[in-house]
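Counting convention: from 1, in listed order, for ligands and their atoms alike.
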Amino acid sequence: MTAPIPSPPGLPLVGNIFDLDPQNRLQSLIHLADIYGPIYELRLPTGNLIVVSNHELFDEICDEKRFTKVLSGPLIELRSAIHDGLFTAHPGEPAWGVAHRTLVPSFGPLAIRDMFDEMHEILTQLVLKWARYGPDYRIDTADDFTRLTLDSIAICAMDTRFNSFYTEGVHPFVKAMQEVLLEAGRRSLRPSFVKRLMKSAEKKYADDIEVLQSTAQKIVADKRANPTDKKSLVNTMLNGKDPKTGQKMTNESIADNMITFLIAGHETTSGLMSFLFFQLMANPQTLQQAQREVDKVIGTGPVKVEHLSKLPYITACLRETLRLTPTITGTVMGPLPETKEDPIIIGGGKYLVKPGSKFTMILEKVHKDPKVYGDDADKFRPERMLDEHFNKLPKNAWKPFGNGSRACIGRGFAWQEAMLATAMLLQYFDFRMDDPNYKLAINQTLTIKPKDLFMHATLRKGVD
Ligand code: HEM
């Protein structure tokens, strides 16, 4: 016997649209889960959305033999800007396969090691900034980490310098990207007829997309005209071949994916760094332990790529941060288009899924399931993420980088960047919160970041 999936009552015609706060969708979903439990269904203008928030149900929808990523909300809107680029491709789109297979080796461990020097150079700019401004300077944590991650991904994925630490405002490309991301979020909540009426918003969206595309296409044209033999992501996109079909990426696909890497690769990692520093400052013993690890393994000399695999406690701190505050808060999945399962039933035979429904998950709640993580699941306790425990976690209990074939291609990039930044910043500075009574608040766009988190960095004695 199947049971109906609980659902908030909603309103005629508009369904549950007003149950979701457009400024803070995540908090709305969590609030509803606290009322309706680990599975509930929302009726939205885009169709029925089933929201799951415990490990058992999430584990079931991670099964790629039954379910796949589907585009929804802002990702559909972003297709106007980046088309069938990796992040926004529909399942099975041919350009995704060509780009994915061509690029996977370039995101492997050896290729990422080759990007260490460029990442290090950008990080040095941040260290110099904080050292020069001194301990009284109020660091806008998320803002400076965004400058860091943007400049790193831009140099590695576009061979372009934004020089964010040397410019007051933001680069026109970055401005256009931020506007497109915000507008994609807003557009996803507007019915089509409203979009058509909002002519100036439509024009601005198109103009911003034009800035992104013309910049990326110009880079592709320049690189084609002036080839180099440097081992780089850009050169792999220009010259690499799909090992399955022998096809090369088209110029359009390269431009789409350059923009994709910037979009997917900067806020996610800067959110991770910002939440990590919040946790370290809120848990001074953890901060000291992480700093002791850096002192023991690296000392006061330069951080080298070999050091990064010898920092188990910092690794655990990063994992624990992404467990509590996964910066992509959930993704959208649906039954495989070719599914023969009819009807679809989930929850161990319990819940009947209406045709056309999609699923999403509240990853933060899945990551805090007490059946997996115990009664202190909502506490920041990096020890639980040391290899000996982490490697024994049940399947799909820690999933901040997405699922299966559509999981994050940039995971190794983000990890190296975050490990390097954490190690070097802890080596150089002591940190304290600007407001010792700061309570974590969240800023949500396509990703989440701490809101209004300010801190101070004081140079430690004895660093070179
Ligand atoms: C996909 C998380 C960093 C590039 C994803 C997905 C997640 C994710 C959850 C799946 C999205 C979905 O199913 O709709 C993260 C987190 C990061 C991070 C938490 C940092 C802490 C990066 C970086 C890059 C990147 C640095 C680029 C270098 C991508 C791309 C995809 C993706 C291209 C789409 C992959 C595909 O569908 O083939 N990421 N990401 N990400 N990410 Fe990341």
Give yes or no for whether the N/O distance cutoff of 3.5 Å, strictly under, is met between [X] and ligand 1.
{"X": "Thr269", "value": "no"}
{"X": "Trp96", "value": "yes"}
{"X": "Lys69", "value": "yes"}
{"X": "Leu86", "value": "yes"}

Which atoms from ligand 1 have a heavy atom of [X] less than 4.0 Å away?
{"X": "Phe107", "answer": "28 (C)"}
{"X": "Phe413", "answer": "26 (C)"}
{"X": "Thr327", "answer": "19 (C)"}
{"X": "Ala407", "answer": "35 (C)"}

Taking the six-membered ring of Tyr373 as reference, does the NZ or CZ atom of Arg384 fall below 6.0 Å from its centre and within a 45° cone about the axis? no

Sidechain N-carboxylate O distance under 4.0 Å for [X], [Y]:
{"X": "Lys368", "Y": "Asp378", "answer": "no"}
{"X": "Arg66", "Y": "Glu60", "answer": "yes"}
{"X": "Lys392", "Y": "Glu388", "answer": "no"}
{"X": "Asp63", "Y": "Lys395", "answer": "no"}
{"X": "Lys218", "Y": "Asp222", "answer": "yes"}
{"X": "Glu306", "Y": "Lys310", "answer": "no"}

What protein N/O/S atoms are there under 2.8 Å from atom 43 (Fe) of ligand 1, waters excluded? Cys408 SG

What is the closest protein heavy atom to [atom], and at what distance does it sit?
{"atom": "atom 2 (C) of ligand 1", "result": "Pro400 O, 3.5 Å"}
{"atom": "atom 13 (O) of ligand 1", "result": "Thr331 CG2, 3.3 Å"}
{"atom": "atom 10 (C) of ligand 1", "result": "Arg406 O, 3.7 Å"}

Please list all pairs meeting salt bridge (charged side-chain N to carboxylate O under 4.0 Å, His left out) that have one or both residues in residues 262-276, counting only residues at least two apart or in different chains. Glu267-Lys449

So, the side chain of Gln416 versus the backbone of Ile112: is there a donor-acceptor pair under 3.5 Å, distance only? yes

Location of contacts on Ile153 toward ligand 1, heavy atoms closer than 4.0 Å: side chain

Can Gln289 and Glu293 be counted as having a side-chain donor-acceptor contact under 3.5 angstrom? no

Could you tell me whether the side chains of Gln279 and Thr321 share a donor-acceptor contact shorter than 3.5 Å? no

Aromatic ring centroids of Phe107 and Phe261 under 6.0 Å? yes

